[in-house]
Amino acid sequence: MEKSSDRTNVGAREWRLPRRSLPLGARTLVMGVINLTPDSFSDGGRYFTGKRAWQNAERMALDGVDIIDIGGESSRPGAGPVTAEEEMHRVGKYLDIMIKITAYRGPYSVDTTKASVARVALEAGVEIVNDISGLRFDPALAEVAARYDAGLILMHSRGTFETMHRQEPVEDILKEVSDGWRRSIGEAERRGVRREKIVLDPGIGFSKTQRQNVELLAKLDVLARDFADFPLLVGTSRKSFVGHLLGGAPVNKRVHGTMASVAAAVLRGAHIVRVHDVRAAVETVKVIDAIRAVSREP
């Protein structure tokens with residue numbers, strides 16, 4: 001039997017979305033990232049056109065992606081906020097092409113902190129809202145998610161959009177994440193979101209130190225145990241702490257380090273991993289899931 005990292009806390013439960021359900025627990029789901037921004041840290045705006053985004057979604061579908069997450073506002077350190085109108089334009093232009101034309105038929109997620117952007121995306125057919133602020137920036141986003149019966153990802157972060165990467169470190173990062181999650185869950189439920197719609201994200205790389213990012217991965221099983229009613233999503237893809245651990249590796253040289261962190265996250269209880277390199281992640285979690293399956297045998 002697995003110990004605290006056992007994901008049978010969600011067992012055969014499904015994440016019920018507006019038009020489908022995703023299995024949780026039996027295998028790890030892979031969420032692929034497409035940034036519709038000119039200043040993304042991970043791809044430098046490579047997919048800041050409808051055609052390139054379409055091609056990337058096609059590749060992800062062939063590589064076995066389970067969810068595609070799109071975003072129209074970069075959250076990299078130093079990035080400034082964009083208006084709701086600009087974000088809606090970026091996301092809306094993409095969705096008009098992607099949902100109707102691509103071979104990918106799985107669910108889309110929208111990475112936004114704004115209720116107005118979430119509404120446009122959900123109306124177009126998106127089924128999940130991914131909020132890096134955990135409802136701190138625009139609590140009305142929860143009401144929009146509830147109205148459309150959408151999945152809702154609540155990420156832990158601190159500070160404003162402009163300061164979240166410059167926060168003074170807290171002493172106890174596990175307590176900080178736990179307290180933040182409880183506030184976010186409470187706000188979501190007060191605004192009509194059902195618990196079974198919620199997925200939690202510890203926010204690796206957001207308002208955490210290098211050591212705290214590693215600590216969250218090492219002790220993710222503690223959070224999984226304390227929040228056993230909720231699936232966990234972890235996003236470590238190409239982040240700076242990976243580059244630091246690899247001796248200063250640039251963004252485009254962090255794939256192997258990212259996959260090591262993905263493996264660690266899954267072994268500690270993650271149900272969904274958010275990545276840029278979908279094929280590498282699909283192959284990584286397939287192996288880790290097989291190991292975990294055997295470890296549960298008598």
Spacing of [atom1] belonging to [X] relative to [atom2] belonging to [Y], to within rounding of 0.5 Å:
| X | Y | atom1 | atom2 | result |
| --- | --- | --- | --- | --- |
| Thr112 | Glu87 | OG1 | CD | 3.5 Å |
| Ile153 | Ile128 | CD1 | CD1 | 5.5 Å |
| Ile185 | Phe230 | CD1 | CZ | 4.0 Å |
| Leu154 | Arg183 | CG | CZ | 12.5 Å |
| Leu246 | Phe241 | CG | CZ | 9.5 Å |
| Glu196 | Arg13 | CD | CZ | 8.0 Å |

Identified salt bridge (Lys or Arg N to Asp or Glu O under 4.0 Å) partner of Asp149 from the options Arg19, Arg194, Arg16: Arg194
Among Arg59, Arg238, Arg254, which one satisfies salt bridge (Lys or Arg N to Asp or Glu O under 4.0 Å) with Asp277?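 Single pass found, and it is Arg238.
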Residue pair [X] / [Y], side-chain heavy-atom distance below 4.5 Å:
| X | Y | answer |
| --- | --- | --- |
| Leu245 | Gln210 | yes |
| Ile67 | Leu22 | yes |
| Ile272 | Val199 | yes |
| Val262 | Val30 | no |
| Leu216 | His156 | no |
| Asp66 | Arg27 | yes |
| Arg274 | Val33 | yes |
| Asp229 | Arg195 | yes |

side-chain hydrogen bond (donor to acceptor under 3.5 Å, both in side chains) partners of Arg147, counting only residues at least two apart: none
Not counting sequence neighbours, which residues clear side-chain hydrogen bond (donor to acceptor under 3.5 Å, both in side chains) with Arg182? List them please. none
Dump the intermediate steps for side-chain contact (heavy atoms from CB on, under 4.5 Å) on Glu176 and Gln212, then the final yes or no. CA-CA 11 Å; Glu176 168 64 29; Gln212 287 173 341; over 6 Å; no
Could you name each residue pair satisfying salt bridge (charged side-chain N to carboxylate O under 4.0 Å, His left out) that touches residues 129-146, not counting sequence neighbours?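 Checked against salt bridge (charged side-chain N to carboxylate O under 4.0 Å, His left out) - neighbours excluded - the pairs reaching residues 129-146 are Glu143-Arg191.
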Whether the side chain of [X] engages the backbone of [Y] through a donor-acceptor N/O pair (distance < 3.5 Å, no angle test) should be reported.
| X | Y | answer |
| --- | --- | --- |
| Asp289 | Thr28 | yes |
| Gln167 | Ser207 | no |
| Lys208 | Ile173 | no |
| Lys175 | Glu171 | no |
| His271 | Leu232 | yes |
| Arg90 | Gly72 | yes |
| Ser157 | Ile132 | yes |
| Ser237 | His276 | yes |
| Trp15 | Ser21 | no |

Contacts of Arg190 meeting salt bridge (charged side-chain N to carboxylate O under 4.0 Å, His left out) (sequence neighbours excluded), chain-then-number -> Glu187
For Asp63, check salt bridge (charged side-chain N to carboxylate O under 4.0 Å, His left out) against everything at least two apart and list the hits.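 Expected list: none.
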Mind listing the closest non-hydrogen atom pair of [X] and [Y] along with its distance?
| X | Y | value |
| --- | --- | --- |
| Leu122 | Ala145 | CD1-CA, 4.3 Å |
| Gly235 | Lys239 | O-NZ, 2.9 Å |
| Ala142 | Val193 | O-CG2, 3.4 Å |
| Ser184 | Gly134 | OG-O, 2.7 Å |
| Leu217 | Ser261 | CD1-CB, 3.9 Å |
| Ala57 | Ile68 | CB-CD1, 3.9 Å |

Any pair counted as ring pair (Phe, Tyr, Trp, His ring centres under 6.0 Å), so long as it reaches residues 107-149, sequence neighbours left out: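 Every ring pair (Phe, Tyr, Trp, His ring centres under 6.0 Å) pair that includes a residue of residues 107-149, provided the two are not neighbours, is Tyr104-Tyr108.
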Please determine whether side-chain contact (heavy atoms from CB on, under 4.5 Å) holds for the pair Val273 and Val285, giving the CA-CA distance in whole Å, both sets of side-chain angles, and the decisive distance to 0.1 Å. CA-CA 9 Å; Val273 292; Val285 302; 4.1 Å; yes
Matching residue for Glu73 among Val91, Asn35, Val82, Val117 - test: side-chain contact (heavy atoms from CB on, under 4.5 Å):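 Option passing the side-chain contact (heavy atoms from CB on, under 4.5 Å) with Glu73: Val82.
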So Arg292 and Leu267, side-chain contact (heavy atoms from CB on, under 4.5 Å) or not? Walk me through it. CA-CA 7 Å; Arg292 294 184 66 262; Leu267 286 170; 3.9 Å; yes
May I ask you to say whether Arg119 pairs ionically with Glu123, meaning some side-chain N is under 4.0 Å from a carboxylate O?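 So Arg119 does not pair with Glu123 through a salt bridge.
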